[in-house]
Amino acid sequence: MKKEDVKKNVVQEEGVKTGRRKFLKTAAAAAGAATVATMGFPMVSRAQTTILKMQGAWGAKDIFNEMAEQYVARVNEMAGGRLRIDYLVAGSVVKPFEVMDATSKGVIDAGHQVAVYWYGKSKVASLFGSGPITGCDANQNLAWIHREGHVFYEELMKKIGLDVVGFFAMPMPTQPLGWFKKPIKNASQLKGLKYRTVGLAADLMQELGTKVTQLPGGEIVPAMERGVIEAFEFNNPTSDRRFGAQDVAKNYMMGSYHQAMEFFEIVFNRKKYESLPKDLQAILRYAAEAASTANYALAMDNYSKDLQELKSKDKVNILRTPQGIFDAQIKAWDKIVDRLTKEDPFFKKVWESQKAWAKRVGYYHFYNNADYQAAYEHIHGKLGL
């Protein structure tokens, strides 16, 4: 074979090898892309991202904003670039008590709030938040919403004409009776007191003789300073401390039946929600359940630390609400429930479901639950309650 022919054959063989390598690389890349797509991670361009504007009902410094952001972060991460929630603090578009209406009308796409902020439309709303006492705690009542109550919630939305889809998260611990300039020793001291609360708790405290003003969190301290109110509750030691409750009152009464459980209500404009693919709808729904666990962990860590800080650094008088006030509250709830069930058949239907759930779940709970206080006192010493 001539020298020129040898060179020619070498070049041709190299060309074949190079072509084969390119083919194999291309095929491997195509297979990889197909595998990724099969796994549910398609390549997504920024132009395909759906953006939802969500506003919270919380001030910028409130820990509730952090809890809303925990929900948003979970949605955005799970959506893989196809959906993004842009979160706005209270007042960015509408006032805190206007979040539900704004979401229903499409002024904003979504809201993060509590149901008692719109209970003026229907007192049934409080049964999905801080309603009357049944004997169950917040975790058990949130379980009722997931297992039975959400059907009633959907029915309520249709009855009052709110065009939203809503999910619930974060079983909030019992809310303190609140902040007072002087310790409250009995229920008679509540009579005539100008007091801030919200939702059906307002009906309860009015039944006990207080003069109730309903205000969002950011307006509480200014109202206290101006004398519009003389005492108040908001929610928890961290939120209260961050907005300066300790600067306008020094007696913090812990424990109450006025809001012994509550939950975040995460709402979406129904048309906007139903326009999304089913998998993105599922992410919005189940991210609420995921955030619920994260919210509770954040709460336990911060609430407990801030209660100690209120006591040691801010020199707040931490007190347990007297049993006589609990007794007066539970009797007042009896009157309110009796009146509302007679006035509204739908309230009665929802209440009967909640009450039957509590009877069954509470029976299990109280027979089975360990005595955690005894264990606490064995390890840490007497609480002195």
Side-chain angles (χ1 to χ4, degrees), residues 57-58 64 96-97 100 113-138 141-142 145 168 170-180 184 187 189-220 223-224 228-237 239-240 243 245 249 252-265 321-322 324-341 343-344 347 350-351 354-355 358:
W58 324 116
F64 287 174
F97 286 0
M100 174 59 92
Q113 56 164 20
V114 286
V116 294
Y117 277 12
W118 55 271
Y119 102 121
K121 295 181 182 295
S122 172
K123 293 191 177 182
V124 179
S126 276
L127 296 179
F128 300 96
S130 53
I133 296 302
T134 62
C136 279
D137 64 14
N141 273 286
L142 183 56
I145 291 176
F168 291 83
M170 173 50 177
M172 297 184 191
T174 298
Q175 296 176 33
L177 183 64
W179 295 83
F180 300 83
I184 301 297
Q189 288 182 277
L190 295 171
K191 292 179 180 178
L193 196 68
K194 292 184 287 185
Y195 180 83
R196 180 274 179 195
T197 190
V198 292
L200 206 55
D203 298 50
L204 174 70
M205 297 307 289
Q206 285 172 337
E207 188 72 34
L208 294 175
T210 64
K211 297 176 180 178
V212 174
T213 299
Q214 301 199 45
L215 298 169
E219 297 179 22
I220 293 174
M224 191 79 165
V228 175
I229 56 175
E230 300 169 300
F232 62 91
E233 65 80 35
F234 179 65
N235 190 281
N236 64 80
S239 294
D240 293 356
F243 69 59
Y252 198 21
M253 310 291 298
M254 305 297 293
S256 178
Y257 278 147
H258 79 285
Q259 286 180 295
M261 69 277 180
E262 194 168 20
F263 325 98
F264 290 133
E265 181 187 34
T321 297
I325 293 177
F326 282 96
D327 295 342
Q329 286 177 326
I330 201 73
K331 291 175 183 176
W333 272 129
D334 288 342
K335 295 178 183 178
I336 292 168
V337 170
D338 183 62
R339 182 170 66 247
L340 291 175
T341 52
E343 291 174 355
D344 184 352
F347 186 101
V350 180
W351 170 249
Q354 202 172 60
K355 191 168 63 168

**Short side-chain to backbone donor-acceptor contact, E230 and K194, under 3.5 Å** = yes
**Request:** Verify side-chain contact (heavy atoms from CB on, under 4.5 Å) between Y195 and I229, making sure each step is shown before the conclusion.
**Result:** CA-CA 5 Å; Y195 180 83; I229 56 175; over 6 Å; no
Output a table of donor-acceptor pairs, distance under 3.5 Å, between side-chain atoms of residues 206-214 and any protein atom two or more places apart or on a different chain; print 'none' if there are none.
| residue | atom | partner | partner atom | Å |
| --- | --- | --- | --- | --- |
| T210 | OG1 | M205 | O | 2.7 |
| Q214 | OE1 | G199 | N | 3.1 |

**Message:** Under a 3.5 Å distance rule, please check whether W333 uses its side chain to pair with a backbone N or O of Y257 as donor and acceptor.
**Reply:** yes
**Complete:** Taken in chain and number order and not counting sequence neighbours, the residues that satisfy side-chain hydrogen bond (donor to acceptor under 3.5 Å, both in side chains) with E233 are R196, T197, H258
**Residue pair F264 / M172, side-chain heavy-atom distance below 4.5 Å** = yes
**Request:** Check whether any side-chain heavy atom of I325 lies under 4.5 Å from a side-chain heavy atom of T321, and answer yes or no.
**Result:** yes
**Asked** Under a 4.5 Å cut-off applied to non-hydrogen side-chain atoms, are F263 and N141 in contact?
**Response** yes
**Request:** Could you tell me if the ring centre of F234 sits under 6.0 Å from that of F243?
**Result:** yes
**Message:** For residues 170-179, which residue pairs pass the salt bridge (charged side-chain N to carboxylate O under 4.0 Å, His left out) check, not counting sequence neighbours?
**Reply:** none
**Request:** Would you name the heavy atoms of A115 and A125 that are closest together and state the gap between them?
**Result:** CB-O, 3.5 Å
**Request:** Supply the atom-to-atom distance R339 CZ to F347 CZ, rounded to the nearest 0.5 angstrom.
**Result:** 10.0 Å
**side-chain contact (heavy atoms from CB on, under 4.5 Å) between Q259 and N235, worked out** = CA-CA 9 Å; Q259 286 180 295; N235 190 281; over 6 Å; no
**Prompt:** For the residue pair L127 and W351, what are the closest heavy atoms and their distance?
**Reply:** CD1-N, 4.0 Å
**Prompt:** Taking the side chain from S126 and the backbone from L200, do they hold a donor-acceptor pair closer than 3.5 Å?
**Reply:** yes
**Message:** Tell me if the centroids of the rings in F180 and F232 come within less than 6.0 Å of each other.
**Reply:** no
**Prompt:** Is there a donor-acceptor contact under 3.5 Å from the side chain of S130 to the main chain of M261?
**Reply:** no
**Prompt:** Hey, are the side chains of P176 and M254 touching, using non-hydrogen atoms and a 4.5 Å cut-off?
**Reply:** yes
**Message:** Quick one, P132 and D334 - any side-chain contact, counting heavy atoms below 4.5 Å?
**Reply:** no
**Prompt:** So which pairs with a foot in residues 113-128 pass salt bridge (charged side-chain N to carboxylate O under 4.0 Å, His left out), sequence neighbours left out?
**Reply:** D101-K121, K123-D203
**Prompt:** So do E262 and P171 actually touch side chain to side chain, heavy atoms under 4.5 Å?
**Reply:** no
**Asked** Where do Q329 and S256 land on the side-chain hydrogen bond (donor to acceptor under 3.5 Å, both in side chains) test, with the steps shown first?
**Response** CA-CA 8 Å; Q329 286 177 326; S256 178; 2.9 Å; yes
**Item:** With sequence neighbours excluded, residues passing side-chain hydrogen bond (donor to acceptor under 3.5 Å, both in side chains) with S239
**Value:** D62, N236
**Request:** Name all residues meeting the salt bridge (charged side-chain N to carboxylate O under 4.0 Å, His left out) criterion together with E265; count only those two or more places apart in sequence or in a different chain, and write none if there are none.
**Result:** none
**Request:** Could you tell me which non-hydrogen atom of F326 sits nearest to which non-hydrogen atom of G255, and how far apart they are?
**Result:** CZ-C, 3.5 Å
**Item:** Note, W179 side chain near D240 side chain (heavy atom, < 4.5 Å)
**Value:** yes
